[in-house]
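All of these numbers come straight from a predicted model, not from anything done at the bench. Worth knowing before you read on, the calculation uses all heavy atoms, side chains too, and leaves out hydrogens, waters and symmetry mates.
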Amino acid sequence: MSDAAVTFQDEIKTIELKRDVTKHLKQGHRWIFANCFDDSKVFKSGIHLLNFKGETLALGIWQGDTQLRFRVLVLADEPIFRRNNMKRTLELYFESQFRKAVEIRRTFDLAVTNSFRLINGEGDGLPGLIVDIYNDTAVIKHDHAVMEKTWHAPVIAQKIQAAFPQIKCVYLKRRNDADEKGTNIVGTLAPEVQFLENGVLFASNIRDAAKTGFFLDQRDNRKMIQNFAKDKTVLNLFSYTGGFSIFAAKGGAKEVTSVDIAKVAIQAVARNFEINGLETVHQDIATDAFAYLEQLNAEKKKYDIVITDPPSFAPNEKSVEQATAAYAKVFSNSIKLVNPEGLFAASSCSSHISSKAFMEICQEAFSRARKKATLVYIGGQPVDHPYPLAMEELRYLKFALFRLD
C-alpha cells in the first residue's frame, strides 16, 4: 500500500495550453476547460504538468472525458513546488491543505455538532474529494473516477482518524447506481448512523442515502427556522429526511407537514422525529411536491411558515432559462400558501443560478403571487463548505427568508 495520500502514474506528462489562462490561475481559479487544449492530443487521466509557450504553470489533474479537463493543484511559482520532485510537491501540498481544512473544522463543539464536512473539494484545495463526518463515521466520496485513483483513501482515512480520534469507521461511498455502492476502508459501516447538528439528533442510512448521507450545507439555515417556529404551522416541501421539519418542531412549532416524493425519505423523517422524542403534530406525506402544491392552493390552505427547497433545476448552463422559470413557478405557488405576516423560505442548490439571479427569481415569484415581502435573512453555505474567492460558481447554495407584508 502506498504511504502517500496522493498517487500518480509513473510518467507525468506535460500538457500544453493553446490559450493563455495565466491570470485566471494566479487569481486562484482551479478549473481549465476543453476549449483551452488541442483536442488532437490524448493524455492518460491523472496528474500532469501544465505548460503555456514552454513555461510550466502548474501541477494538476487531467480528466480527458469531461469538458472540465484540468484541475489545478499547485502553481509552479509556489514555494512548495519542487521541479525535480513531484512526489514531494504533492506530499507538501496535501499536508498543507489537510491541515488548513482541519483547523476550520476545529471550531465545531462536538458535544453540540458532530456532523460536518471535513474536505470540500476545490474549497479546501483538494479537487474532486469530499469527506463528511457523521459522529464516529467518516464518508469519503469522489466526483470522478480519476479522483478515486488520485486521492488514496486508506492513507486519507489514517489522517482523518489522527485528526479526529472519535472516528471508528471510514466508508468510501460511490454512486447509488454503481455496481458497488461503497466499501469499508476502516471498520464497518453501521446500518444506521446517528449524529448531532446544533444539539438535534439525526439518523442516516449512509449506504443508500443521497450524497454522503445528509445535506450538511443547510445547517445554519435550519437553525434559523428553529428561531421563528414557536407556535407556528409549518409546511416543508421537498423535505427529504426532514432537516427543516425537525428544527421547526424543536423550535416549538404547533404543526409540521413534510412532503417528499420518496417514500424512503418520508420514512426517515418519521425516524428523526422518533429519535428526538418530539411530540409535535406531524404529517409525513410521500407525494409529488409540485402536484401537492397545486392541490393545497386549490384547497386555499394556509401556513405560518412555508419552506421550499427543491432539487437542483439547473445541472448545466443550457438549463438555466428553464430552471429560472421552474423556480419562479414553484416559489410563487408556495408564497400563495403563506398567511399574512407569515414567513416564506426559498432555497436553491443550483450552482448555475447566481445569487443575483436567485434574488431576481424571488422577486418575480412574489410579483406573480401578488404579494409584497421583507427580506428577513439571507444565508448560504456554512463554514465547512468554503470555496475559492475566484470561483464564484462554487457558491452554489442560496437561502432567503421573507416575511409577507
Side-chain angles (χ1 to χ4, degrees), residues 113 115-117 120 123 132 197-198 200 202 210-211 214-229 232 234-251 253 256 258-260 265 289 293 303-315 320 323-324 326-335 337-338 342-366 369 371 373-387 391-404:
T113 297
S115 52
F116 53 88
R117 176 154 293 182
N120 190 45
D132 284 346
E197 178 185 294
N198 286 320
V200 175
F202 287 97
K211 304 295 184 180
F214 195 68
F215 291 100
L216 295 167
D217 53 6
Q218 291 281 21
R219 181 190 307 110
D220 295 348
N221 305 323
R222 287 190 280 261
K223 182 68 175 175
M224 183 59 61
I225 291 297
Q226 180 182 5
N227 297 338
F228 287 98
K232 301 293 194 298
V234 180
L235 173 64
N236 182 14
L237 295 162
F238 309 95
S239 66
Y240 189 49
T241 57
F244 283 108
S245 300
I246 300 298
F247 272 92
K250 274 284 188 178
V256 178
S258 303
V259 183
D260 197 281
L293 255 176
Y303 300 85
D304 298 319
I305 302 175
V306 175
I307 304 154
T308 304
D309 178 23
S312 175
F313 290 155
V320 167
T324 298
Y327 277 120
K329 181 179 179 181
V330 73
F331 288 165
S332 175
N333 285 340
S334 300
I335 290 163
L337 299 175
V338 183
L343 297 172
F344 170 59
S347 189
S348 167
C349 61
S350 298
S351 61
H352 295 282
I353 302 290
S354 68
S355 297
K356 180 174 182 289
F358 174 71
M359 294 309 295
E360 288 171 352
I361 289 167
C362 290
Q363 285 182 312
E364 172 65 17
F366 276 100
K371 304 285 185 182
T374 295
L375 179 62
V376 174
Y377 165 81
I378 188 157
Q381 292 151 235
V383 67
D384 54 334
H385 287 66
Y387 62 91
M391 298 184 75
E392 176 70 16
E393 59 268 51
L394 295 183
R395 185 186 176 188
Y396 68 93
L397 185 64
K398 279 75 62 176
F399 180 92
L401 185 64
F402 302 93
R403 186 196 67 216
L404 270 70

Can you name the closest pair of heavy atoms from [X] and [Y] and give their distance?
X	Y	value
Ala346	Cys362	CB-SG, 4.1 Å
Asn333	Leu337	O-CG, 3.7 Å
Arg117	Asp132	NE-OD1, 2.7 Å
Ile335	Leu404	O-CD2, 3.9 Å
Ser351	Glu393	CB-O, 3.3 Å
Ala249	Val256	N-CG2, 4.3 Å

For this session: Go through the steps for Asn120 and Asp384 under the test side chain to side chain contact (heavy atoms under 4.5 Å, CB included), then give the verdict.
Result: CA-CA 7 Å; Asn120 190 45; Asp384 54 334; over 6 Å; no

Exercise. After noting the C-alpha distance and the side-chain angles of Phe247 and Asn198, does the key distance pass the side chain to side chain contact (heavy atoms under 4.5 Å, CB included) rule?
Worked result: CA-CA 9 Å; Phe247 272 92; Asn198 286 320; 4.0 Å; yes

Exercise. Is a side-chain donor-acceptor pair under 3.5 Å present for Tyr327 with Ser350?
Worked result: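 A pair is found: one side chain offers a donor N or O, the other an acceptor, under 3.5 Å apart.
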
Spacing of [X] atom [atom1] and [Y] atom [atom2] [to the nearest 0.5 Å]:
X	Y	atom1	atom2	value
Ile305	Asn236	CD1	CG	10.5 Å
Phe228	Leu401	CZ	CG	5.5 Å
Lys223	Ile225	NZ	CD1	12.5 Å
His385	Arg219	NE2	CZ	7.0 Å
His352	Thr324	NE2	OG1	12.0 Å
Leu375	Gln363	CG	CD	10.0 Å

Any non-hydrogen side-chain atom of [X] less than 4.5 Å from a side-chain atom of [Y]?
X	Y	value
Asn221	Asp309	no
Tyr303	Val234	no
Pro382	Asp217	yes
Thr241	Phe215	no
Phe331	Pro310	yes

Problem set entry | Test side chain to side chain contact (heavy atoms under 4.5 Å, CB included) applied to Phe344 and Lys371, step by step | CA-CA 11 Å; Phe344 170 59; Lys371 304 285 185 182; over 6 Å; no

For this session: Might you work through the side chain to side chain contact (heavy atoms under 4.5 Å, CB included) test for Leu216 and Phe116, ending with a clear yes or no?
Result: CA-CA 6 Å; Leu216 295 167; Phe116 53 88; 5.5 Å; no

For this session: Please test Ser239 against Ser258 for side chain to side chain donor-acceptor pair (under 3.5 Å), starting from the C-alpha separation and ending with a verdict.
Result: CA-CA 6 Å; Ser239 66; Ser258 303; 4.6 Å; no

Exercise. Would you call the rings of Phe244 and Phe399 parallel, tilted or perpendicular, where under 30° means parallel and over 60° means perpendicular?
Worked result: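 Ring orientation of Phe244 relative to Phe399: parallel.
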
Determine whether a donor-acceptor pair (N or O, by modelled atom type, separation under 3.5 Å) exists between the side chain of [X] and the backbone of [Y].
X	Y	result
Gln381	Tyr396	yes
Lys398	Ile353	yes
Tyr240	Ala210	yes

